[in-house]
Amino acid sequence: MGDVADDTSDITSDKAPSYEQAREELTEVVRRLETGGLTLEQSIELWERGEKLAAICEEWLQGARVKLAAAMARRADAGAGRDDDAPF
């Protein structure tokens with residue numbers, strides 16, 4: 001049990017991990033679960049951590065989608081005031 005918890009310092013701290021950190025740790029969690037050899041308790045802990053990491057990744061991706069949509073809307077708005085033959 002302590003072995004699994006020791007690997008969670010990034011997730012259990014007050015500061016949320018970056019997308020890359022969460023994705024990397026999620027990959028490691030999946031690898032450990034697929035490898036097997038864990039107790040049921042360890043497997044459940046890893047599964048729960050994987051769920052948290054997946055949610056963190058989804059939050060980052062959703063934020064990126066919002067930013068991209070806003071940037072595309074600004075670009076479309078900026079282009080709407082130009083003549084059709086204008087190159088830029």
Side-chain angles (χ1 to χ4, degrees):
M1 185 163 142
D3 179 38
V4 173
D6 292 342
D7 296 338
T8 65
S9 57
D10 287 342
I11 300 307
T12 57
S13 68
D14 291 337
K15 183 180 173 197
S18 69
Y19 171 78
E20 291 79 9
Q21 290 169 326
R23 186 190 64 212
E24 184 177 319
E25 187 172 348
L26 180 56
T27 300
E28 179 62 19
V29 165
V30 170
R31 185 195 65 73
R32 289 182 67 189
L33 285 169
E34 288 177 342
T35 300
L38 302 169
T39 66
L40 178 60
E41 187 175 330
Q42 290 171 324
S43 296
I44 290 170
E45 286 180 23
L46 280 173
W47 180 270
E48 289 172 347
R49 177 167 9 281
E51 290 290 330
K52 289 178 185 177
L53 290 165
I56 290 168
C57 288
E58 184 58 35
E59 286 179 32
W60 276 107
L61 291 173
Q62 185 60 32
R65 287 183 196 107
V66 168
K67 288 179 182 179
L68 180 59
M72 292 175 70
R74 282 193 305 273
R75 183 176 177 192
D77 289 345
R82 293 189 227 161
D83 294 336
D84 286 16
D85 13 316
F88 299 100

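Reckoned from all heavy atoms, side chains included, excluding hydrogens, waters and symmetry mates.
Closest approach of A22 to I56, counting heavy atoms only: CB-CG2, 3.8 Å. Listed here is the closest heavy atom pair of L46 and L38: CD1-CD1, 3.3 Å.
When the side chains of ILVMFWY residues are joined at heavy-atom separations under 4.5 Å, either directly or via intervening members, I44 and L33 end up in two distinct hydrophobic clusters.
Side-chain contact check for R23 versus E20: some heavy-atom pair is nearer than 4.5 Å.
Contact check on E34 versus R31 returns no salt bridge, with no Lys/Arg side-chain nitrogen under 4.0 Å from an Asp/Glu carboxylate oxygen.
With sequence neighbours left out, the salt bridge (charged side-chain N to carboxylate O under 4.0 Å, His left out) criterion links E51 to no other residue. Taking the side-chain contact (heavy atoms from CB on, under 4.5 Å) definition, one finds that Q62 meets it with E58, R65, V66, sequence neighbours left out.
At least one donor-acceptor pair closer than 3.5 Å links the side chain of Q21 to the backbone N or O of S18. In this structure a side-chain-to-backbone donor-acceptor pair under 3.5 Å is present from W60 to P17.
Interatomic distance, CZ of R32 versus OG1 of T27, reported as 13.5 Å (0.5 Å rounding). Atom OH of Y19 and atom CG of L53 lie 11.5 Å apart (nearest 0.5 Å).
Cluster note: L68 groups with M72 through ILVMFWY side-chain heavy atoms spaced under 4.5 Å, whether in direct contact or through intervening members.
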